[in-house]
Student: 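Starting off with a structure, shown below.
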Amino acid sequence: MKYLDYLFWYYYTYFTRREKRHPKLFFGDHVFEAIGIIVASILMPLFNLYALLDVGGILDLPDMPEKRTERMLVALAVWWPLYWFLDNRYYKNKKITKNKYQLFRDRWGENPQHNKKRRIAVVLFTVSTQVLSLVVCITILYFINKG
């Protein structure tokens, strides 16, 4: 949980600082933006893995439904539990939200950019989950089809 909290805090403070410079680029709800990044960075490799297993013929997975509404329901069933957990933790948990995340402020400070190792770890986590998972899946698919 400590790592998930740090990811949230890092993204939250990033969006807070960036909104001051570029107010029209952000929604204004930094908690939602931070949760969105975390959800995307966790679910993107899972979707890439599903595509690899399905397209590569490794497993015979059920096809996605034809109708758009049914596809949306499948996506919602995958996305909602993770979002609900993070929403309850960072919006409704009084221990965390007390005094605008004072618990995180005490633990990591207002600006987590000062700790270079942690900043590099967060950037690497985000980039690797978004880009490298796709590259690895495409590479594996290439070697499956070649062989």
Side-chain angles (χ1 to χ4, degrees), residues 1-93 96-97 101 103-105 107-147:
M1 236 16 181
K2 181 172 84 172
Y3 299 112
L4 189 63
D5 289 342
Y6 183 76
L7 279 174
F8 170 80
W9 181 243
Y10 180 84
Y11 292 131
Y12 178 79
T13 55
Y14 172 79
F15 288 127
T16 303
R17 286 190 315 271
R18 283 294 176 190
E19 184 189 36
K20 294 174 185 172
R21 292 183 195 159
H22 309 288
K24 293 183 180 181
L25 292 178
F26 300 101
F27 297 122
D29 186 2
H30 306 302
V31 176
F32 176 75
E33 292 165 341
I35 289 173
I37 294 283
I38 293 171
V39 168
S41 61
I42 291 173
L43 291 183
M44 186 64 77
L46 296 177
F47 289 133
N48 290 338
L49 181 64
Y50 175 83
L52 169 72
L53 295 175
D54 189 36
V55 173
I58 298 170
L59 293 175
D60 189 23
L61 298 173
D63 293 334
M64 288 297 284
E66 293 292 324
K67 294 182 180 178
R68 182 178 178 182
T69 55
E70 292 172 354
R71 284 189 305 225
M72 295 296 277
L73 288 174
V74 169
L76 190 62
V78 171
W79 170 78
W80 183 253
L82 179 61
Y83 179 78
W84 179 80
F85 170 74
L86 294 173
D87 181 62
N88 280 335
R89 181 158 179 84
Y90 298 120
Y91 272 118
K92 297 175 181 137
N93 189 341
I96 292 175
T97 60
Y101 306 100
L103 175 71
F104 297 153
R105 230 177 242 104
R107 193 177 294 168
W108 295 298
E110 187 66 40
N111 186 359
Q113 295 266 347
H114 294 299
N115 192 334
K116 211 171 199 179
K117 288 182 183 178
R118 286 186 179 164
R119 181 179 72 219
I120 290 170
V122 169
V123 170
L124 283 176
F125 170 75
T126 306
V127 169
S128 67
T129 57
Q130 299 299 319
V131 176
L132 292 179
S133 67
L134 182 61
V135 170
V136 167
C137 287
I138 290 172
T139 305
I140 292 171
L141 186 60
Y142 171 77
F143 285 116
I144 287 173
N145 289 333
K146 187 177 180 182

Student: Mind jotting down which residue pairs meet the side chain to side chain donor-acceptor pair (under 3.5 Å) criterion with at least one end in residues 73-86? Sequence neighbours excluded, please.
Tutor: none

Student: Under the side chain to side chain contact (heavy atoms under 4.5 Å, CB included) criterion, do H30 and Y14 qualify, and how do the steps go?
Tutor: CA-CA 9 Å; H30 306 302; Y14 172 79; over 6 Å; no

Student: So, using side-chain hydrogen bond (donor to acceptor under 3.5 Å, both in side chains) as the criterion, who are the partners of Y91 when residues are at least two apart?
Tutor: D29

Student: Say you draw a straight line from OH of Y10 to OG1 of T13; how long is it, rounded to the nearest 0.5 Å?
Tutor: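 Nearest 0.5 Å value for the OH-OG1 distance: 7.5 Å.
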
Student: For S41, give me all partners under side-chain hydrogen bond (donor to acceptor under 3.5 Å, both in side chains), at least two apart in sequence or on another chain.
Tutor: none

Student: Locate the shortest heavy-atom distance separating P45 from A40; write the atom from each residue and the value.
Tutor: CD-O, 4.4 Å

Student: Identify, with sequence neighbours excluded, every residue that meets side chain to side chain contact (heavy atoms under 4.5 Å, CB included) alongside L82.
Tutor: V39, I42, L43, L86

Student: Under the salt bridge (Lys or Arg N to Asp or Glu O under 4.0 Å) definition, can you give me all pairs with a residue in residues 73-87, not counting sequence neighbours?
Tutor: D87-K92

Student: For T139, check side chain to side chain contact (heavy atoms under 4.5 Å, CB included) against everything at least two apart and list the hits.
Tutor: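 Once residues adjacent in sequence are excluded, the partners of T139 under the side chain to side chain contact (heavy atoms under 4.5 Å, CB included) criterion are V135, F143.
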
Student: At what distance, to the nearest 0.5 angstrom, does CD1 of I138 lie from OG of S133?
Tutor: 9.5 Å

Student: Any idea which heavy atoms bring T97 and Y90 closest together, and the distance?
Tutor: CG2-O, 3.4 Å

Student: Return the set of residues passing ring pair (Phe, Tyr, Trp, His ring centres under 6.0 Å) with Y101 (not counting sequence neighbours), or none when no residue passes.
Tutor: F8, Y12

Student: Which residues pass the side chain to side chain contact (heavy atoms under 4.5 Å, CB included) test with Y3, sequence neighbours left out?
Tutor: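 Per chain and number, Y3 pairs via side chain to side chain contact (heavy atoms under 4.5 Å, CB included) with no residue.
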
Student: Please enumerate all residues that pass side-chain hydrogen bond (donor to acceptor under 3.5 Å, both in side chains) together with R107, with sequence neighbours excluded.
Tutor: none

Student: Test of understanding: with side-chain hydrogen bond (donor to acceptor under 3.5 Å, both in side chains), list the residues that count as partners of T126, not counting sequence neighbours.
Tutor: Y11

Student: Mind jotting down which residue pairs meet the salt bridge (Lys or Arg N to Asp or Glu O under 4.0 Å) criterion with at least one end in residues 1-15? Sequence neighbours excluded, please.
Tutor: D5-R89

